[in-house]
Amino acid sequence: MSSINSVDLVNSKEILESIKLGKRKDGRDLLEYRNLEIKTGFLPSADGSSWVKLGNTEIIAGIKFVVGTPYPDSPDKGSMSLNLELSGLSSPNFITGPPQIDAVEFGRVADRAIRHANIINFEDLAIVPGEKVFIAFIDCIAVNADGNLIDATQLAAITALMNAKIPKLDENYNIILKEYTDKDISMNLKNIPVSITFDKVADKIILDSNQVEELASSARFSLGIVGDTVTSCHKTKGGVFSEEEINFMIDTAVGKYAEFSKIILDSRK
Amino acid sequence: MSSINSVDLVNSKEILESIKLGKRKDGRDLLEYRNLEIKTGFLPSADGSSWVKLGNTEIIAGIKFVVGTPYPDSPDKGSMSLNLELSGLSSPNFITGPPQIDAVEFGRVADRAIRHANIINFEDLAIVPGEKVFIAFIDCIAVNADGNLIDATQLAAITALMNAKIPKLDENYNIILKEYTDKDISMNLKNIPVSITFDKVADKIILDSNQVEELASSARFSLGIVGDTVTSCHKTKGGVFSEEEINFMIDTAVGKYAEFSKIILDSRK
Amino acid sequence: MSSINSVDLVNSKEILESIKLGKRKDGRDLLEYRNLEIKTGFLPSADGSSWVKLGNTEIIAGIKFVVGTPYPDSPDKGSMSLNLELSGLSSPNFITGPPQIDAVEFGRVADRAIRHANIINFEDLAIVPGEKVFIAFIDCIAVNADGNLIDATQLAAITALMNAKIPKLDENYNIILKEYTDKDISMNLKNIPVSITFDKVADKIILDSNQVEELASSARFSLGIVGDTVTSCHKTKGGVFSEEEINFMIDTAVGKYAEFSKIILDSRK
Amino acid sequence: MTKRLDGRKNDELRPMKVELGVVKSADGSCYLEWGNNTVIATVHGPRPIFPKHLANSEKAVVDYRYRMAPFSVGERKSPVPAKRDKEISLVSGFSLESAIQVEKFPNTVIDIDTVILSSNAGTRAAAITAASLACADAGLPMNGIVSAVASGRANGEFILDLTKEEEDAEDAVDTAIGVLMPQKEIVLLQMDGFVKKEDWKKMISIGLKGAEKVYDFQKNALLKKYPVDGDINE
Amino acid sequence: MTKRLDGRKNDELRPMKVELGVVKSADGSCYLEWGNNTVIATVHGPRPIFPKHLANSEKAVVDYRYRMAPFSVGERKSPVPAKRDKEISLVSGFSLESAIQVEKFPNTVIDIDTVILSSNAGTRAAAITAASLACADAGLPMNGIVSAVASGRANGEFILDLTKEEEDAEDAVDTAIGVLMPQKEIVLLQMDGFVKKEDWKKMISIGLKGAEKVYDFQKNALLKKYPVDGDINE
Amino acid sequence: MTKRLDGRKNDELRPMKVELGVVKSADGSCYLEWGNNTVIATVHGPRPIFPKHLANSEKAVVDYRYRMAPFSVGERKSPVPAKRDKEISLVSGFSLESAIQVEKFPNTVIDIDTVILSSNAGTRAAAITAASLACADAGLPMNGIVSAVASGRANGEFILDLTKEEEDAEDAVDTAIGVLMPQKEIVLLQMDGFVKKEDWKKMISIGLKGAEKVYDFQKNALLKKYPVDGDINE
């Protein structure tokens, strides 16, 4: 992350020492998440919105439905498009720095952890099958980037989606602003997707790294979970995992599912 | 402006001293414009054209009508699009330098000083209401950039527009090249818009700054005027104006209107 | 070319000395091409493909037909689009360096040496005249860039085209993947175009320069030839040619035609 | 004088709600709800500028960005900044430059980012008002506070702080005014419309009074977070 | 267990054909046909990195590019890299970083370019497998070889090295796994699907066995070009 | 031999009108009307090149830009340079490099900008002809002047300086030729068409004679502005 300075690098070495001993600098257990707050529906202009605070990491997500044409290979389905922006709000370096490969990666992983969970019936987003469908644009803005942007982005996106209402259309299939249909986007509520991201620091597996812990991380593994089902995964960074470590992370993520799916469900107003 | 060198900076200090005493280096009064020449209709390929020389500042504007679709919120109106390019002709730095924020700003201000003057009946640019309209593209090229590009660009754009002819269309609404209808673009000739731009140099208000005076300017104020009516304004640069100064500039600009609107009207061939 | 290092520059001076004496470092005559190999039809996904090796220079070309709309000025004709990419495969500098002006130039010259040869009946690429036509996309990738990319690209493009099959369409004019019509793209086989590129090194005219010879070249001349007909030409680099030299190159290029057109024809499977 | 659609008096602002220091890692920040506008502003810096040739040896460079979130408007907006966004960023940055003692930080940059999360007319004034508070929250030495508001005309009335519905009136004119307070110096003035000069002068005058109300609100917000003896700028 | 459409057994790879050193001017290169996938990979470097601020003083930077040629897929693909391409480039580069002794070349960059010339499912695994051979061909000091393969499910069966047709099955799941061999450490793992965790663990386990087959193929290719006494990594 | 549509003889140029020094702040400039072509050319430099790694220690870099104004053609052209524009810029710059004594100004850049304001066939020749005059107007030390013209065939006749209408003839061939004068060395030669080699050699020969006429015009323009005893290049 481009806003890391030399102080962070010193901290990063301390963190390595500390985690070797099974402790985290902020007192958390290795597999403990930071404090999580979710506020939804606070934006008058968006079709759905959410503000997620995971420790100091903050992501705002907003939904806009757009009428578009379906993909040729799924003419009777709507679609979704998740975009993450590491804006200048969280660090001005994101503006002046190199292409935001981090934003692309984190956004893609968060997207995949929703897309394949079957929580959305994309058929329900069709308007005129083969011709016109709704595309759900999920735009996420990093307001503060203090680690684990993948899970925070996924949480913001899914809770904004669950908060969203589908706009009414006029006879020409144009959206009528500020008027909504009754139906939500046919969320299949037993399939709430949760993203769980691990880092490997000093050969230990930890959850929900903050920015300085991420600096010390050698390998990262993200899982998209629905119940005891895995819907996506993503291994990144230059280090390695053994098969046993992978299996441990799968079991741990599934174990965390109940807690997070309840938090997500409770975010609905 | 990126082509300023150290000689200019020295000149800029001299200019500050001189203006403090109420004098400009080229002998003009504080509220006096440089010599203005306008030549219109000199380009065989354009639907309308103008070459404006304001002192050493030179702008060439050319008009092209394009058949396009109307905006959803004004289905029975055509539209205009003004674009200013600070080309390599005026300074090669404009090519190699940072994004042309100056060009965006100056072009936007010149555009707004025409758009809101009600001189164009945009309804007259409709072809098939709701489906096809004319878009008037006004492309302005800075040939020489010696200050006050906003007023020069606005002059070039409005005189090129008033020189323009509307193309004939074939039965499929395609433009027939080099054939024109009789009507001009329904210019509402009592609403000729004039752009008047002030700079604040050494706490004095001056008009029509050249490039070196602009360097010495702390604040700038542009007004779009039609008669005794204000149609747009734009305050820029880091300095401040008092309410009295603003009111003085409004009165001065309105006072300049008759002279410039006549020059613009006379540019018609 | 951005991947040239100081060793190359030393070599380049040796080459100058050697060519002054009428010899090339690799033993070739001044007007002799390097060894040429062409393999076509080796890519399962492309509608046509070719791999050209000219000495160490290697270009892969692949064809894809796309259904598009015709140009307004030729409503009953399809079109072609040739694109050359100097990819990271041939040199990572191509990725990180300045805009690929070389790729634009070489690709344009190779394109022109095919487009004007009348080998393709563009009318045969029309589907619904005035509405839907085939566009033949010829994408060329430089796998190894060791000089004379123009001729190698043209050879890869024309042999890939001659290897290509036209896709079948469904009733909505969508391409049916992996199904092809019987007809090829109506190649007018007596009009096979050949590109012949000369460099002027130490005041001698040579053919098929390698990368280090190109460094030593002061002027370059490319000809597109069909039989004893010239279909395109392109003079580049900062040096000069006399009228006699131009005429010599025209005659030499026409003299090379039979050999290369046979090689191209033989590449058909 | 009839009441406005939302029941406000002509010189009444929409309700405002503010929170300072919302973004932990920024040097200063502000979250502002103003009617149906929602904006978040952060300040980072001053810090050394890179690349060096952008530096000014006499003062800090103020780099201000005004962005509308894609979901902040009726139809989804492309995230690519439009010309309008660039123009607003430029003039808003200039308006804040006059409030910050930039000459104390030569060769540095002060980054000010504002994102409109929800919009309903007057977003550039809301963004500047929030950004000015974020600058104060960052502890930057200030010459004053920039207080911004829209002043205009709709349905024959001169009114402050127009809504989107009022902006769409047949005779609507909307002037964004930014005022360096308590000095009452004009640092931002933007308008598009068609208005007699005397009427427009009146609007500017009303706008200056509106800016005082915004200033009062800003002072309270700062005093709440940073209680001091006496007033902040006096 | 029924046979697969192309007659393969569930744990059987598609036919592979490889050539090392195909690109004369690169430091290392590899051409690989794997079923109907065709990929070419080159390695340039290590060499000094430019601009300097991208350098890492502790190790070489691995810059990996995964690209699909416009003609490699059903409908022509735009040459502009999509988000998917960028994500794959990033994680593939990380997977190779673990195989190369990058700490031996501080302040340098190793450029690895892979271009998919023809695609039929499993392209990212094919690209990594080819790139790993190109690194060895370049004589880079290695900790091991990355062997990659797809492991998944289609039509109720757990299978290795899925084709496009199998990927399109109703119940299809496809996991790309990259393994540092002979250590058997997982350096790449990507999946999209819907699969019970125990089933997925089984797929990973099958994938690890598949990677051993890929590794055998890679060893043979290297031994053919660079004959040595004994095995290359043991 | 029939007369041409516009009444010209086959070897006759369209009327030309020129003004030197039109752009006050440039080091050299030229405005040229040539038939219905209108072009403006400026020269800035030589001056130090930035960034440094673009410098050539043996000569000045000539940076030539050929641009068509959006309103210069039948249908409005996008202001974004097309591939054609880039190709023409490149070869035109090379043609002028041979005329300027670039070896006298190592490590510098000479910027030459040409903008086509109105077009009617032969624009690249008009741009080079104007640019060459702008170079002389800038006082650059020259080896000669580049004189450029189109030479071609239409309706069975070999003709000089084709119009757009002639270029659209069924059998049309158009060759742009740039000649370093008075040396008569060919520095630009571009053609697209379908023409027997002997016919094309004839066109080149005719083009060389046409370039002499252009050269006469250029000399007169220079002598008018910079009267000297005797000829400028002899």
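The chains referred to below are lettered A, B, ... by the order of the sequence lines, with proteins before strands, and numbering in each begins at 1.
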ring-ring contact (aromatic ring centres under 6.0 Å, His included) contacts in which one or both residues fall within residues 123-143 of chain E, not counting sequence neighbours: none
Sequence neighbours excluded - ring-ring contact (aromatic ring centres under 6.0 Å, His included) pairs with any residue from residues 72-120 of chain E: none
Within a radius of less than 6.0 Å around [atom1] of [X], do more than 12 heavy atoms belonging to other residues, nucleotides or ligands occur?
| X | atom1 | result |
| --- | --- | --- |
| E:K17 | NZ | no |
| E:K59 | NZ | no |
| E:E75 | CD | no |
| C:D170 | CG | yes |
| C:Y173 | OH | no |
| C:I127 | CD1 | yes |

Least distance between heavy atoms, C:P44 atom then E:T38 atom: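 Closest pair (atom of C:P44, atom of E:T38, distance): CD-OG1, 4.2 Å.
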Distance-minimising heavy-atom pair for C:L43 and E:F71: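 Of all heavy-atom pairs spanning C:L43 and E:F71, the closest is CD1-CE1, 3.5 Å.
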Sequence-distant partners of E:E87, side chain to side chain donor-acceptor pair (under 3.5 Å), two or more places apart: A:R108, A:R112, A:H234, E:Q190
Rounded distance [0.5 Å steps], CD1 in C:I141 versus CZ in E:R67: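 These two atoms lie 5.5 Å from each other.
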Check: E:S72 main-chain N/O paired with C:K64 side-chain donor or acceptor under 3.5 Å: no
Polar side-chain atom of C:S45 near backbone of E:S118 as donor-acceptor pair, under 3.5 Å: no
Top contributor to chain E contacts, counting heavy-atom pairs under 4.5 Å, from C:N144, C:L177, C:L89: C:L89
Residue-level interface, residues 50-62 of chain C with chain E, non-hydrogen cut-off under 4.5 Å: C:W51, C:N56, C:E58, C:I60, C:A61, C:G62
Portion of E:S25 that has a non-hydrogen atom of chain C nearer than 4.5 angstrom: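 Answer is both: backbone and side chain atoms of E:S25 are under 4.5 Å from chain C.
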Side chain / backbone / both / neither for E:V73 at chain C, heavy atoms under 4.5 Å: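 For E:V73, the backbone is the part near chain C, not the side chain.
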Among E:I40, E:V115, E:V22, side chain to side chain contact (heavy atoms under 4.5 Å, CB included) partner for C:V143: E:I40
